[in-house]
Trainee: 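Have a look at this one.
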There are 2 protein chains.
Amino acid sequence: MPVDDIRASVRDGDLPAVSRRLDGLPAHEVADLLARLDESSAGLVFRMLGKDEALAAFEDLDPVSQHGLLRGMRDGAVGELVERMEPDDRARMLGEVPASVANRVLAGLSPGEREMTASLLGYPARSAGRSMSPELVSLHSDDTVARALDRVRRDGASAETVYTLPIVDEGRCYAGVVTLRRLVLGDPGATVGELADPSAPWVLATDPAEDAAHLMRETDVLALPVLDAEHRLLGLITIDDAVDVLEQAQTEDTARQAGAAPWAGHYMAQRVWPLARSRVVWLLLLLVAATLTVNVLQFFEDTLETVTALALFVPLLIGTGGNAGAQAATASVRAVAVGEVRPSDVLAVAWREARVGIALGAMLAVAALGIGSALVGMRIAVVVAISLVAICAWAATIGATMPLVAKRLGIDPAVVSAPAVTTLVDATGLIIYFVVARAVLGI
Amino acid sequence: MPVDDIRASVRDGDLPAVSRRLDGLPAHEVADLLARLDESSAGLVFRMLGKDEALAAFEDLDPVSQHGLLRGMRDGAVGELVERMEPDDRARMLGEVPASVANRVLAGLSPGEREMTASLLGYPARSAGRSMSPELVSLHSDDTVARALDRVRRDGASAETVYTLPIVDEGRCYAGVVTLRRLVLGDPGATVGELADPSAPWVLATDPAEDAAHLMRETDVLALPVLDAEHRLLGLITIDDAVDVLEQAQTEDTARQAGAAPWAGHYMAQRVWPLARSRVVWLLLLLVAATLTVNVLQFFEDTLETVTALALFVPLLIGTGGNAGAQAATASVRAVAVGEVRPSDVLAVAWREARVGIALGAMLAVAALGIGSALVGMRIAVVVAISLVAICAWAATIGATMPLVAKRLGIDPAVVSAPAVTTLVDATGLIIYFVVARAVLGI
């Protein structure tokens, strides 16, 4: 691993070796290295990079590490670096660092770049407007292909992409897109309007960036026009930024599904306290919710004292119920995230997952009958087996439908995390278990 | 929702309404509709689509639904449809349907398309070779820009992309790429070699498609050359296919993290038995593993009978330990998946997560002291509080390091699913609890 070698050389203070090893390293590997080093070493390595390498690596960095590097740099160096960033990368970074830092950086920019960045920062965090690039080449419907290509040659150098060319009318109102492919392959005498796709997808600047990214994935476009409420063209979201938005959304969903608040930045760059803070709220909530299980057990304490063997299967039963619920919840959250399931499907989902749960419970019950009768005898084993069927059916149904109900209520379905389902199923599963036990054992 | 309206119209047999509503519906929404309908209704709707709409929707469908549609079609119609698919989409579909179906479809293709598809199918499932498109425009280093653009105009119509143009030497050996942007903006007299990027990323056909997709995400390229072992150019992976590969990998990781086998296809198109089958193996394994908790409780049965109040906190403690472990495991699996953490980081991760776990446990212990002393008195509450700190530290450490150990052993880290960590922590957490109880209560 070149990155590990470089870290070792930095630790040893062997700067010539660092410089030799940095040479030719791709930008995304330099960024990974910078995120893993402590702040002062990262600053040292960063200063050893060429101007273009430094810019490329910096744009690839997560906001936490970017902020760390900025802290160690002189104002002049900060200005020079940030001035050369793409406007959308710059806005994304400034949206995440403390406001005082963002203002100082903004003040150091040239007027044109400052205006472009400030207008991007005017859109809500995580909106399409924040992720778009305002630097594009736009065409008119009645341009000929030859003229359009001339315009691409003239204005293309500063545009983020020249493959998707939005078409605007006199009032800068959006009127479709034409691709560079169509222009290059098209008849030079044709007009842009004849080659355009007026029904290409677009979004409003205030739409969530994640929705824009999903739309791009579904429609296989390389860039998506971003419009204001009057349908004037503001910018383009390019596919590389959309991929990053999807990746970030997925990382956050994953964290939320495990009952942790999502964080910005490289995992190895996290400190202990921020990590603990991102997880403690859910753990505390779940701990408080878990006192329900204490109440349930207290309620059934007589039963438990009459047949103490029942206590032996409590972890097994609630563990299995939790697992079955988590499986269903995860599948459901994912299906909602990729748009395969909608809240209106809730009854169909519940009916199917209930049957899946019964099927799963039945298979597990057979195993439990074997294990249980060997360990504690047939009567308790029958109680455990029947409870398994009921708990699995209940857990799968609840686990799969809760994300849909959350979505309908406007709550992020990923928040209905596996731990939340597990904790709910713990308490209700115990009730099922003791009710079954009383019925079967006649106590 | 137009899709729901169409489903209702199909149910009512109101075909004119179906046809009216299908008109102008984007391909990805038609695909979503087809995946949600039962097989015969889907076939009915599919036959109502125009040729191009049908092709676009079919290419967008998941393999399970594609297979369902093929089953309902005459051989002639199948041949006509599949002949017009992109070679990579066709190979992806044929790789997932039963071999007998794949062979029948292949036999119906024209010789050229059949050869192209068969060669893609020769690469391993999920390899870069399976996802590439062999239809591309390649250039030579000494071509002038003008000549290169002529070639793009001549051969570009059948290529999947013309934005990334690989350069080959006489023996078809790969020698870099040039982008259409550079050609269009470049000096017409320059040669392709002068504008080329010889260090652009590429992959071997046998490399995993997921690695190729990650490389594309990190390097922000729109297409990636795929080479054979002798570095001859075979094809290009385009970004839209890479995004689908990432999405599919993520869906599978998500399923595995919840202890379920991943499946192909739309969630709403799954039947009860395949769903139950995808989940039962893990549930059974975990059930068998959970009998460890029964053994642990049997071992400490004396302690449990002496202080029956200890039983009340078993679900709460193992639930919390499971949650803390699942949080750490999920963060770690994700960090490995996006390349932020490597197996060599295992000690750094363990040390950090142990401290995170102690911090979390300490905060929870304060809450537990309050809750416990109110419900059952101070002595048991102290046992619960101390156990929480130890269990959280242990769970976070194990949860975060197990995925790294799995990766080092060549096992998919996502397989070290939250349920697996939870079940392991259940049994060991109980041991911690009873050891603490015996020490504190002096029994």
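Just so we're on the same page: letters track the sequence lines, and every chain starts at 1.
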Trainee: Of the non-hydrogen atoms in B:Arg181 and A:Ala157, which two are nearest, and what is the gap between them?
Mentor: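 Nearest heavy atoms, B:Arg181 then A:Ala157: NH2-O, 3.3 Å.
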Trainee: For residues 308-327 of chain A, please give each side-chain donor-acceptor pair under 3.5 Å, one per line with the distance, not counting sequence neighbours.
Mentor:
{"from": "A:Thr320", "atom 1": "OG1", "to": "A:Leu316", "atom 2": "O", "distance (Å)": "2.8"}
{"from": "A:Asn323", "atom 1": "ND2", "to": "A:Gly319", "atom 2": "O", "distance (Å)": "3.4"}
{"from": "A:Gln327", "atom 1": "NE2", "to": "B:Gly259", "atom 2": "O", "distance (Å)": "2.5"}
{"from": "A:Gln327", "atom 1": "NE2", "to": "B:Arg279", "atom 2": "O", "distance (Å)": "3.3"}

Trainee: To the nearest 0.5 Å, what is the distance between CE on B:Met216 and CG on A:Asp240?
Mentor: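 If we round to the nearest 0.5 Å, B:Met216:CE and A:Asp240:CG are 11.0 Å apart.
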Trainee: Report which part of A:Ala348 has an atom under 4.5 Å of a heavy atom belonging to chain B: side chain, backbone, both, or neither.
Mentor: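 For A:Ala348, side-chain heavy atoms alone lie under 4.5 Å from chain B.
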Trainee: Name the region of A:Leu286, side chain, backbone, both or neither, that has any atom closer than 4.5 Å to a heavy atom of chain B.
Mentor: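 The answer is the side chain of A:Leu286.
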Trainee: For the interface with chain A, which of B:Ser199, B:Pro26, B:Ala328 has the highest count of heavy-atom pairs at distances below 4.5 Å?
Mentor: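 Of the candidates given, the most pairs with chain A belong to B:Ala328.
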Trainee: How many angstroms lie between CZ in A:Arg36 and CD in B:Glu340, if you round to the nearest 0.5 Å?
Mentor: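 Between atom CZ of A:Arg36 and atom CD of B:Glu340 there are 8.5 Å.
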Trainee: Which bit of A:Asp241 comes within less than 4.5 Å of chain B, counting heavy atoms only: side chain, backbone, both or neither?
Mentor: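 Answer is neither: A:Asp241 stays 4.5 Å or more from chain B.
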Trainee: In the structure I gave you, are the side-chain heavy atoms of B:Gln298 and A:Val376 within less than 4.5 Å of one another anywhere?
Mentor: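 They are in contact (side-chain heavy atoms under 4.5 Å apart), so the answer is yes.
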Trainee: Flag the one option from A:Leu180, A:Thr238, A:Thr423, A:Thr422 with the top tally of heavy-atom pairs under 4.5 Å to chain B.
Mentor: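 Going by pairs under 4.5 Å, I would pick A:Leu180.
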Trainee: What part of B:Ala354 lies closer than 4.5 angstrom to a heavy atom of chain A: side chain, backbone, both or neither?
Mentor: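 When you check distances to chain A, no heavy atom of B:Ala354 falls under 4.5 Å.
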Trainee: Counting heavy-atom pairs under 4.5 Å to chain A, which of B:Asp345, B:Thr219, B:Leu375, B:Asp426 comes out on top?
Mentor: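 Of B:Asp345, B:Thr219, B:Leu375, B:Asp426, B:Asp345 has the most heavy-atom pairs under 4.5 Å with chain A.
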Trainee: Mind ranking A:Val333, A:Leu430, A:Leu364, A:Leu246 by heavy-atom pairs under 4.5 Å with chain B and telling me who comes out on top?
Mentor: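 Ranked by contacts with chain B, first place is A:Leu364.
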Trainee: Rounded to the nearest 0.5 Å, what separation is found between the CD atom of A:Glu29 and the CD atom of B:Glu218?
Mentor: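 One gets 8.0 Å once the value is rounded to the nearest 0.5 Å.
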Trainee: Let me know if A:Thr179 has heavy atoms under 4.5 Å from chain B in its side chain, its backbone, both or neither.
Mentor: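 Both parts, heavy atoms under 4.5 Å.
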Trainee: Can you list the steps and then say if A:Val152 with B:Leu185 is a side-chain contact (heavy atoms from CB on, under 4.5 Å)?
Mentor: CA-CA 8 Å; A:Val152 170; B:Leu185 298 186; 4.3 Å; yes
Trainee: Top residue by heavy-atom pair count (under 4.5 Å) with chain A, among B:Glu305, B:Arg271, B:Gln250, B:Glu301?
Mentor: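 Max contact count across the listed options: B:Gln250.
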Trainee: Which donor-acceptor pairs under 3.5 Å do side chains of residues 287-296 of chain B form with protein atoms, sequence neighbours excluded?
Mentor:
{"from": "B:Thr291", "atom 1": "OG1", "to": "B:Val288", "atom 2": "O", "distance (Å)": "2.3"}
{"from": "B:Thr293", "atom 1": "OG1", "to": "B:Ala290", "atom 2": "O", "distance (Å)": "2.4"}

Trainee: If you take all heavy atoms of A:Leu360 and B:Ala276, which pair is closest and at what distance?
Mentor: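 What the structure gives for the nearest pair is CD2-O, 3.3 Å.
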Trainee: Run the salt-bridge test on B:Asp32 and A:Arg342 with the 4.0 Å N-O cut-off and return the result as yes or no.
Mentor: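 Between A:Arg342 and B:Asp32 there is a salt bridge, with a charged N closer than 4.0 Å to a carboxylate O.
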Trainee: Looking at B:Arg154, B:Glu353, B:Arg277, B:Arg355, which has the largest count of heavy-atom pairs under 4.5 Å with chain A?
Mentor: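 That would be B:Glu353.
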Trainee: Is there side-chain contact between B:Val162 and A:Val184, with heavy atoms separated by less than 4.5 Å?
Mentor: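 Not in contact.
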Trainee: Hey, which of A:Leu297, A:Asp220, A:Leu283 has the most heavy atom pairs under 4.5 Å with chain B?
Mentor: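 Highest number of heavy-atom pairs under 4.5 Å: A:Leu283.
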Trainee: Is B:Arg334 salt-bridged to A:Glu252, cutoff N-O under 4.0 Å?
Mentor: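 Salt bridge flag = no for A:Glu252 with B:Arg334.
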Trainee: Most heavy-atom pairs under 4.5 angstrom with chain B, which of A:Leu304, A:Asp244, A:Val243, A:Leu149?
Mentor: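 Ranked by heavy-atom pairs under 4.5 Å with chain B, first place is A:Val243.
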Trainee: Specify which of B:Ile371, B:Thr330, B:Val272 makes the most heavy-atom pairs with chain A at under 4.5 Å.
Mentor: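 Looking at each of B:Ile371, B:Thr330, B:Val272 in turn, B:Val272 comes out on top.
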Trainee: Would you check if B:Leu222 and A:Tyr163 make a side-chain contact, meaning some heavy-atom pair closer than 4.5 Å?
Mentor: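 Of all side-chain heavy-atom pairs linking A:Tyr163 with B:Leu222, at least one is under 4.5 Å.
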Trainee: Quick one: what part of A:Arg352 sits under 4.5 Å from any heavy atom of chain B, side chain, backbone, both or neither?
Mentor: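 Looking at A:Arg352, backbone and side chain both touch chain B.
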